[in-house]
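What you see is a predicted model, and the numbers here were worked out from it, not measured in a lab. Any value given below was found using the heavy atoms of this structure, including those in side chains, with hydrogens, waters and symmetry copies removed. Here is how names work: the chains are called A, B, and so on, in the same order as the sequence lines, proteins then strands, and each is numbered from 1.
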Protein chains: 2
Amino acid sequence: MPQTEEPARRATAAEVARRAGVSPAVVSYVVNGGPRNVAPGTAARVRDAVRDLGYRPNRAARALRRGSTGIVGLVIPRVANPFMAELSEAVQDAAARRGLAVLAAGSGNEPDVERELLQTLPRHGVDGLLVATVLGHADPPPGTAPGLPTVYLNAPFPVGGRCAVGPDATQGARLVVDHLLAVHGHRSVALVTGESGARRAGARELGWQQALAAYDAAPGPVVRVGWDRRGGSAAVAALLAGPQRPTAVFATSDAQALGVLHGLRAAGVRVPEDVAVVGFDGIEEAAYAAPPLTTAKQPVAAMAEAALDALERPGGPVEGHQVLGLDLVVRESCGCPAPPD
Amino acid sequence: MPQTEEPARRATAAEVARRAGVSPAVVSYVVNGGPRNVAPGTAARVRDAVRDLGYRPNRAARALRRGSTGIVGLVIPRVANPFMAELSEAVQDAAARRGLAVLAAGSGNEPDVERELLQTLPRHGVDGLLVATVLGHADPPPGTAPGLPTVYLNAPFPVGGRCAVGPDATQGARLVVDHLLAVHGHRSVALVTGESGARRAGARELGWQQALAAYDAAPGPVVRVGWDRRGGSAAVAALLAGPQRPTAVFATSDAQALGVLHGLRAAGVRVPEDVAVVGFDGIEEAAYAAPPLTTAKQPVAAMAEAALDALERPGGPVEGHQVLGLDLVVRESCGCPAPPD
DNA sequence: ATGAAAGCGCTAACAC
DNA sequence: GTGTTAGCGCTTTCAT
């Protein structure tokens, strides 16, 4: 066992100070790089002592004293929702770059649970809160602890009186639907989207309408289902039952689009030959669908950065709505050819 | 604005005490239900004051005093890994039931980052650590902070000197491969698994070998690739290139299996007609693959519960390895018929 | 049954 | 440039 045995009990700043022959204040100055200067020699002695003792500042004490913990809370519907998982990862990465840790909590899509999370997370001493809802952001938004910096993430619309960042959902929707119309000549494009009432559906729905309008195409059938794969799968019956079957489908989330693909396959309908399908989100899974899904990719990394920027802004996040553009990712489900090997 | 305006600054125990006409000690007794008794009338007054003031104990102060935070750390490779997302969700749910919060951090599959996380997470004041690696658990395991309760999650093998809980990976692998052999009569089953050196591959590989041996079938080709979809996809070339093409493929993760499906489709090979494919993990996505994937479902909820039980055990987690069984989930990729509608 | 008071470990204002 | 010291808000021992 050549390994140096670390002390079971953690060293305190006072112990470091004693060992370095200085006062605890100086230890603090050195560890935190301020607020007062320390002579180079002294600082070196302190750093040695810190190393020798394996000293790590006690987070709780620091938090108590400073009133901040270096932890941000993240409220999402479900981590197992693939898009939310990718967004979470982006948030974690961005947070890690800033020396912040992320306390994530899933609401299970339950507004009540979400409301409760907004109460309990602050109790865990988070410095700020990132709230990403699928259900759509109610107006007024559910109250977060007053005084706790909060930014709404993945918000397609402004959130009354709050700071929000999100995708330019209308632009993204227009992008994929326009592709269907312009490149593949579709004129009957169905919409598969979330339960009505969710404001989030609105922005994507609007993009679909706008794209259609630009080509003088009448809106195809609209079917409202859950935001997940199961919802998309369930939508297929309605899609196929209508008087005239649409030639293309725009699903407002990739999960729904994947469900649509699944349902279509079970029904023996070929994609893209019989019906073209496009999604929205740009999750990794979409690239591995059969056929690979054409979709609009959300700028998750940029959204995460923007949200943390807003959260860390001195003076707190400022009311407003920052939207980021999406990119079109063309694959085969729209009817485009597979890329040459 | 009928809403009661909450005070911007949080109420302290002292304020509650003043309002209830008692001492801070009594507030603590009431809030924590101990360690001393309080007269019912007094307790009621305190509870009223707590409600009126919207009092929430300051976590940092409590943590400082008690030396525990109610936060457990979770180290995973990537949240965007679908299986890890489902495992995370299970951990979060189980933790929430116990009043614990989860601080999750992804290592991006980098052993160095993981080692670093094991150092930094404790600094954030977590009470315990759950470590779930894909890379396989090195022996000896990377050192966590001494004295910090740690349990290895998703560990298919015992972790030297540590507490570990994981799937009975060998049994799970046997389950799916046996299905291929017994029900569908395959005798040439290829293995798609992770980079060699990862001990985790071993358990699943062993199950494959055992199932084959039980039927006197020779081991099919083995191809080692990354644990993700891309790995599975990349494995296809090797699978198809061999002297005699296997009639079935066992991929040791669903992600790999999904990649195999993708690669096979691109190569124009039909599943299950030309080649059967089975996976391992039981992620939601598998149900929506084309064709829907037959797989072994990991008991994520039970593993999460077991891990937290171990973590919370008075006296700390105890060395050992607890394995939980998997269930066979039969779908179409093995050659079984689609369930009647 | 209740209160007074010490102190968890750290930071930063203030004194030298 | 460095030391002294007063708390941050809470829990809990000890005294009443």
Side-chain angles (χ1 to χ4, degrees), chain A residues 7-47 49-50 53-71 122-127 145 147, chain B residues 7-47 49-50 53-71 122-127 145 147:
Chain A
R9 207 184 64 78
R10 280 280 257 282
T12 71
E15 286 162 1
V16 175
R18 201 165 333 115
R19 181 175 239 265
V22 299
S23 77
V26 173
V27 175
S28 174
Y29 300 153
V30 171
V31 169
N32 300 308
R36 316 232 25 100
N37 284 359
V38 175
T42 316
R45 282 202 334 275
V46 171
R47 268 189 291 272
V50 164
L53 264 29
Y55 169 72
R56 305 272 176 230
N58 176 319
R59 231 44 203 206
R62 172 178 284 182
L64 177 57
R65 180 66 231 235
R66 295 218 278 226
S68 81
T69 55
I71 300 179
R123 284 207 260 163
H124 278 285
V126 301
D127 289 347
Chain B
R9 206 184 65 76
R10 280 281 255 283
T12 72
E15 285 162 359
V16 174
R18 203 168 328 118
R19 182 175 237 266
V22 298
S23 76
V26 173
V27 173
S28 174
Y29 300 153
V30 171
V31 169
N32 300 308
R36 317 236 21 101
N37 284 358
V38 175
T42 316
R45 284 203 332 277
V46 171
R47 267 189 291 271
V50 164
L53 264 31
Y55 169 72
R56 305 273 176 228
N58 176 319
R59 278 321 252 232
R62 172 177 285 183
L64 176 57
R65 181 63 230 237
R66 297 218 276 228
S68 81
T69 55
I71 301 180
R123 284 207 261 165
H124 278 286
V126 301
D127 290 346

Peer 1: Rounded at 0.5 Å granularity, tell me how far CZ in B:Arg62 sits from CG in B:Asn32.
Peer 2: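 CG of B:Asn32 is found 5.0 Å from CZ of B:Arg62.
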
Peer 1: Give, for atom CG of B:Asp127 and atom CZ of B:Arg66, the distance between the pair rounded to the nearest 0.5 Å.
Peer 2: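 Taking CG in B:Asp127 and CZ in B:Arg66, the distance rounds to 10.0 Å.
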
Peer 1: In whole angstrom, what separates B:Arg56's CZ from D:dC10's C1'?
Peer 2: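 Going from CZ in B:Arg56 over to C1' in D:dC10 covers 16 Å.
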
Peer 1: Specify the residue among A:Tyr29 and B:Gly21 whose closest nucleotide of DNA chain C lies further upstream toward the 5′ end.
Peer 2: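 Counting from the 5' end, the first nearest nucleotide belongs to B:Gly21.
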
Peer 1: Please walk me through it: do A:Thr42 and A:Arg45 pass side chain to side chain contact (heavy atoms under 4.5 Å, CB included)?
Peer 2: CA-CA 5 Å; A:Thr42 316; A:Arg45 282 202 334 275; 4.3 Å; yes

Peer 1: If you restrict it to nitrogen or oxygen atoms, what contacts under 3.5 Å exist between nucleotides 6-8 of chain C and the protein, and what is each distance?
Peer 2:
unit_1	atom_1	unit_2	atom_2	d
C:dG7	N2	B:Arg65	NH1	3.1

Peer 1: Please determine if a side-chain N or O atom of A:Thr42 lies less than 4.0 Å away from the OP1 or OP2 oxygen of D:dT2.
Peer 2: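 Answer is yes, contact under 4.0 Å.
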
Peer 1: Return the value, rounded to whole Å, for the distance between atom CD of B:Glu15 and atom P of D:dG9.
Peer 2: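 Interatomic distance, CD of B:Glu15 to P of D:dG9: 8 Å.
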
Peer 1: In Å, rounded to the nearest 0.5 Å, how long is the span from CD1 of A:Ile71 to CZ of A:Arg59?
Peer 2: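 So the CD1 of A:Ile71 and the CZ of A:Arg59 are separated by 7.0 Å.
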
Peer 1: Starting the side chain at C-beta, find the nucleotide from C:dT2, D:dC10, D:dT4 nearest to B:Thr12.
Peer 2: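 Side chain of B:Thr12 sits closest to D:dC10.
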
Peer 1: Considering all heavy atoms of both residues, which atom of A:Tyr55 and which atom of A:Ala11 are nearest to each other, and what is their separation?
Peer 2: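 So the minimum-distance heavy-atom pair works out to CD1-O, 3.3 Å.
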
Peer 1: At 10 degrees resolution, what angle do the end axes of the helix from C:dA1-D:dT16 to C:dC16-D:dG1 form when each is taken over five base pairs?
Peer 2: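 Taking the rotation axis at each end, their angle is 40°.
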
Peer 1: Rounded to the nearest 0.5 Å, what separation is found between the OG atom of A:Ser28 and the CZ atom of A:Arg36?
Peer 2: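 A:Ser28 OG to A:Arg36 CZ: 12.0 Å, rounded to 0.5 Å.
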
Peer 1: Applying side chain to side chain contact (heavy atoms under 4.5 Å, CB included) to A:Val38 and A:Val46, what does each step give before you reach the verdict?
Peer 2: CA-CA 10 Å; A:Val38 175; A:Val46 171; 5.8 Å; no

Peer 1: Considering every strand and a 4.0 Å limit on heavy-atom distances, what is the contact class for B:Val27: base, sugar-phosphate, or nothing?
Peer 2: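 Answer is nothing: B:Val27 stays at 4.0 Å or more from every strand.
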
Peer 1: Take the protein atom CG of B:Asn37 and the nucleotide atom P of C:dG3, then report the distance between them rounded to whole Å.
Peer 2: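 Going from CG in B:Asn37 over to P in C:dG3 covers 15 Å.
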
Peer 1: In Å and rounded to the nearest 0.5 Å, what is the OG1 to CD distance from A:Thr12 to A:Glu15?
Peer 2: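 CD of A:Glu15 is found 4.0 Å from OG1 of A:Thr12.
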
Peer 1: Which nucleotide, D:dG1, C:dT11, D:dT12, lies nearest any side-chain atom of B:Pro35?
Peer 2: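 That would be D:dT12.
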
Peer 1: To the nearest angstrom, how far is A:Arg36 atom CZ from D:dT4 atom C1'?
Peer 2: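 Value for this atom pair: 14 Å.
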
Peer 1: Specify the closest pair of heavy atoms between B:Thr69 and B:Ala63, including all atoms of both residues, with the distance to one decimal.
Peer 2: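 That would be CG2-CB, 3.7 Å.
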
Peer 1: When all nucleic acid strands are considered with a 4.0 Å heavy-atom cut-off, which category describes B:Ala25: base, sugar-phosphate, or nothing?
Peer 2: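 Counting heavy atoms under 4.0 Å across all strands, the contact made by B:Ala25 includes a base.
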
Peer 1: For A:Arg62 and D:dG9, what is the distance between atoms CZ and C1' respectively, to the nearest whole Å?
Peer 2: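 Computing the A:Arg62:CZ to D:dG9:C1' distance gives 18 Å.
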
